[in-house]
*Asks:* 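Got a structure here, written out as structure tokens. Questions coming.
Note that the structure is a prediction, hence the values are computed from the model and not measured. Whatever order the structure lists them in is the order used to number ligands and atoms, beginning at 1.
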Amino acid sequence: MKEQLEAIQAEALEKVEQAKNPKELQEIRVTYLGKKGSLTKVLKGMGKLSKEERPVVGQIANVVRDAIAKALDDKSEMLEQIALEKQLESEAIDVTLPGRPVNVGGPHLLTSIVEEIEDLFIGMGYEVREGPEVETDYYNFEALNLPKNHPARDMQDTFYITNELLMRTHTSPVQARTMQEYKGEKPFKMICPGKVYRRDTDDATHSHQFTQIEGLYVDKNVRMSDLKGTLDKFAKKMFGEEREIRLRPSFFPFTEPSVEMDISCKVCQGAGCSVCKGTGWIEILGGGMVHPKVLSMAGYNPEVYSGFAFGMGPERIAMLKYGVNDIRGFYLNDKRFLKQYHKA
Ligand code: 2NL
């Protein structure tokens with residue numbers, strides 16, 4: 001029986017030695033130490049032994065069982081260690097490798113310009129308001145002193161949706177809505193940036209969809225000199241403190257009197273060059289004193305209240321400020337164009 005036990009031990013240890021994974025080890029454990037295992041079988045036969053032999057064989061059996069168990073445990077630990085090392089090796093990170101470049105975006109040039117203009121007017125106490133791009137004929141035209149069949153409606157070729165609904169041709173309807181909301185009582189300063197639409201053929205200076213920012217200041221005793229001072233501040237902040245402005249008479253149906261504003265040409269300091277077409281001045285925006293009819297239609301008594309309004313195209317402002325010569329650059333989404341205007 002002793003030989004039998006020693007044979008079992010030798011065989012088991014040999015198998016443990018050969019085992020390549022935890023599954024094999026478990027099979028060996030069952031085969032030798034399990035309830036129906038070979039060692040257990042031998043021990044069950046111990047009943048047939050004499051009183052003297054029993055403790056001796058029993059002791060040997062214990063030694064054999066412990067030896068097999070220890071071999072299994074040691075091997076198991078070793079396999080775990082190997083597996084861990086393999087895993088660590090395969091998951092190792094080389095922290096010295098250069099990083100993958102991350103593409104960082106930036107605001108669109110038009111967004112930057114609009115925000116710059118917004119900030120400037122917010123600094124002068126203006127609120128920023130937005131409104132619908134699909135408008136009614138009333139807010140886009142009627143409320144701005146452009147009744148049906150008014151010749152000035154032709155100035156702005158309009159995308160009509162129905163007889164009464166259209167794509168707004170300017171942001172003025174936002175201002176008409178605001179005046180109405182303030183019920184002819186509240187003085188206010190506002191600007192409204194947003195997309196506008198005109199039935200134009202796209203070229204270097206025209207786009208069927210572009211951006212407008214309009215400003216409106218309504219209060220008692222608002223005067224032309226207030227408009228001039230405000231626009232002068234705007235021009236100097238936007239284009240440089242050394243810029244001069246001049247106002248020329250003009251016409252808009254919603255303002256009376258109406259003006260157009262020029263800034264002195266930066267390129268030639270007023271001497272005349274190709275940028276200013278020899279005049280020394282560059283046209284920037286239009287404005288004027290709000291027409292009394294526009295005030296009264298929105299509920300403000302023109303005998304008590306007066307206001308100034310102005311409108312500009314941020315594309316044009318950006319083109320002049322950065323020397324962009326084709327308005328389509330803003331809308332083609334060519335990253336080579338847009339990237340030039342990302343601030344670092
Ligand atoms: C331009 C000229 C202008 C206005 C916009 C306006 C709005 C209301 C009342 C009176 Cl609610 N006026 N807006 C006035 C004059 C000129 O825009 O050249 N824009 C690109």
*Asks:* Minimum distance, heavy atoms only, to atom 18 (O) of ligand 1: which one of Pro173, Gly286, Pro253, Ser172 is it?
*Replies:*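 Going through Pro173, Gly286, Pro253, Ser172 one by one, Gly286 has the nearest heavy atom to atom 18 (O) of ligand 1.
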*Asks:* For residues Leu79 and Pro22, report the shortest heavy-atom separation together with the two atoms involved.
*Replies:*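 Between these two residues, the closest heavy atoms are CD1-N, 3.9 Å.
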*Asks:* How far is atom 10 (C) of ligand 1 from its nearest protein heavy atom, and which residue and atom is that?
*Replies:* Phe254 O, 3.4 Å
*Asks:* Return a yes/no value for Leu144: is any of its N or O atoms, backbone included, closer than 3.5 angstrom to an N or O of ligand 1?
*Replies:*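 No, Leu144 has no N/O under 3.5 Å of an N/O on ligand 1.
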*Asks:* Are Lys220 and Tyr305 in a cation-pi setup, meaning NZ or CZ lies under 6.0 angstrom from the ring centre and within 45 degrees of the ring axis?
*Replies:* yes
*Asks:* Do Phe210 and Tyr331 make the cut of ring centroids closer than 6.0 angstrom?
*Replies:*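 No, they do not, as the ring centres are separated by 6.0 Å or more.
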*Asks:* Any atoms of ligand 1 less than 4.0 Å from a non-hydrogen atom of Gln212? List them with their elements.
*Replies:* 19 (N), 20 (C)
*Asks:* So does Glu181 pair up with Arg177, basic N to acidic O under 4.0 Å?
*Replies:*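 No, no charged N to carboxylate O under 4.0 Å.
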*Asks:* Do Glu77 and Gln81 have a side chain donor and acceptor closer than 3.5 Å?
*Replies:*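 No donor-acceptor contact under 3.5 Å links the two side chains.
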*Asks:* Can you list the ligand 1 atoms lying under 4.0 Å from a non-hydrogen atom of Gly287?
*Replies:* 15 (C), 16 (C)
*Asks:* Is Leu285 touching ligand 1 with its side chain, its backbone, both, or neither, if touching means heavy atoms under 4.0 Å apart?
*Replies:*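 Within the 4.0 Å criterion, Leu285 makes no contact with ligand 1.
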*Asks:* If you count the non-hydrogen atoms of other residues, nucleotides and ligands that lie under 6.0 Å from CG in Asn163, is the total more than 12?
*Replies:*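 No - once you tally the heavy atoms of other residues, nucleotides and ligands closer than 6.0 Å, there are 12 at most.
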*Asks:* Considering only non-hydrogen protein atoms, determine which one is nearest to atom 7 (C) of ligand 1 and report residue, atom name and distance to 0.1 Å.
*Replies:* Gln175 OE1, 3.0 Å
*Asks:* In terms of atom number and element, which parts of ligand 1 are under 4.0 angstrom from non-hydrogen atoms of Thr255?
*Replies:*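 In order of number, 10 (C), 12 (N), 14 (C), 15 (C).
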*Asks:* Quick check on side-chain contact (heavy atoms from CB on, under 4.5 Å): which of Val294, Leu144, Leu146 does Pro253 satisfy it with?
*Replies:* Leu146
*Asks:* Taking 4.0 angstrom as the limit and counting only heavy atoms of Gly311, give me the atoms of ligand 1 inside it, by number and element.
*Replies:*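 Those atoms are 1 (C), 2 (C), 3 (C), 5 (C), 17 (O), 18 (O), 19 (N), 20 (C).
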*Asks:* When the aromatic ring centroids of Phe252 and His170 are compared, is their separation below 6.0 Å?
*Replies:* no
*Asks:* Looking at Arg243, Lys277, Arg248, which one forms a salt bridge (charged side-chain N to carboxylate O under 4.0 Å, His left out) with Asp262?
*Replies:* Arg248
*Asks:* Name the closest protein heavy atom to atom 12 (N) of ligand 1, giving the residue it belongs to and the distance to 0.1 Å.
*Replies:* Ala309 CB, 3.2 Å
*Asks:* If you measure every N or O of Glu214 against every N or O of ligand 1, does any of those distances drop under 3.5 Å?
*Replies:*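 Yes, since at least one N or O of Glu214 sits under 3.5 Å from an N or O of ligand 1.
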*Asks:* For His170, which part has a heavy atom under 4.0 Å from ligand 1: side chain, backbone, both, or neither?
*Replies:*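 For His170, no heavy atom sits under 4.0 Å from ligand 1.
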*Asks:* Heavy-atom contacts under 4.0 Å between Phe252 and ligand 1: side chain, backbone, both, or neither?
*Replies:*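 For Phe252, only side-chain atoms sit under 4.0 Å from ligand 1.
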